[in-house]
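What follows is one structure encoded as structure tokens, with my remarks underneath.
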Amino acid sequence: QVQLVESGGGLAQPGGSLGLSCAASVTISRLKVMGWYRDVTGEERQLVAVILGDGIIRYADSVKGRFTMSGDNAKNTMYLQMNNLKPEDTGVYYCYAVQLTASGNTDYWGQGTQVTVSS
């Protein structure tokens, strides 16, 4: 199985920045899909950013231009750099991956890391 561990959450002021990391137990280049999701109070879990097999990173409209997803294959780590944070960005952020196996696709989730944006 694939293990995903998020880190880097914390408290930031509006307009500030935070960087999240997701350490994977396998080389991330071997994963079919990787991305970030978040649980925001009062909302269903929502996509933040995702990269598919086509290599194109897709962002939610609400974070476009502010958040950047990247990866380091040598470190088995995916990142989410969050700039110009807004209070509505507050929530629990989850690393997500899909692994293709002989039996089909399997979804994996990290444990989540809390991000709080407040003055």
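Side-chain heavy atoms closer than 4.5 Å link hydrophobic residues (I, L, V, M, F, W, Y) into clusters, and following such links, possibly through other members, connects L4 to V26. If you chain together hydrophobic residues whose side chains sit under 4.5 Å apart, V115 and L80 fall into the same group. Both I28 and V2 sit in one connected hydrophobic cluster of ILVMFWY residues. Membership requires side-chain heavy atoms under 4.5 Å apart, directly or through other members. One hydrophobic cluster holds both Y96 and L52 under the rule that ILVMFWY side chains link at heavy-atom gaps under 4.5 Å.
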Q.
Pair Y94, L20 - check side-chain contact (heavy atoms from CB on, under 4.5 Å), show working.
A. CA-CA 10 Å; Y94 296 90; L20 306 182; over 6 Å; no
Q.
Evaluate Y59 against M69 for side-chain contact (heavy atoms from CB on, under 4.5 Å), listing each step before the verdict.
A. CA-CA 9 Å; Y59 297 93; M69 188 175 75; 4.0 Å; yes
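Within the 4.5 Å cutoff, side-chain heavy atoms of T90 are placed close to those of Q114. Side chains of M34 and C95 form a contact here, defined as non-hydrogen atoms less than 4.5 Å apart. A heavy-atom distance below 4.5 Å is found between the side chains of W36 and M78. Two residues are said to be in side-chain contact when any heavy atoms from C-beta on lie closer than 4.5 Å; E6 and Y93 fail this criterion.
Remark: the S103 side chain and the T101 side chain contain an N/O donor-acceptor pair separated by less than 3.5 Å.
Shown here is R30, whose CZ atom has no more than 12 heavy atoms of other residues, nucleotides or ligands within 6.0 Å. The local environment of CD in Q13 is sparse, with at most 12 non-hydrogen atoms from other residues, nucleotides or ligands closer than 6.0 Å.
Using a cutoff of 4.0 Å between basic side-chain nitrogens and carboxylate oxygens, K86 and D89 are not scored as salt-bridged.
Between Y37 and W109, the ring planes lie perpendicular to each other; the angle is over 60°, past the 30° to 60° tilted range.
Checking V48, L47, T68 one by one against V63, the side-chain contact (heavy atoms from CB on, under 4.5 Å) holds for a single residue, V48.
When every heavy atom of T77 is checked against every heavy atom of S21, the shortest pair comes out as CG2-CB, 4.2 Å. In this structure, G8 and L18 approach most closely via the heavy-atom pair O-CD2, 4.2 Å. When all heavy atoms of A12 and S17 are compared, the closest pair comes out as CB-O, 4.3 Å.
In this structure, CD in Q46 is found 4.5 Å from CZ in R38, a value given to the nearest 0.5 Å. The OG atom of S25 lies 8.0 Å from the CG atom of N76; values are rounded to the nearest 0.5 Å.
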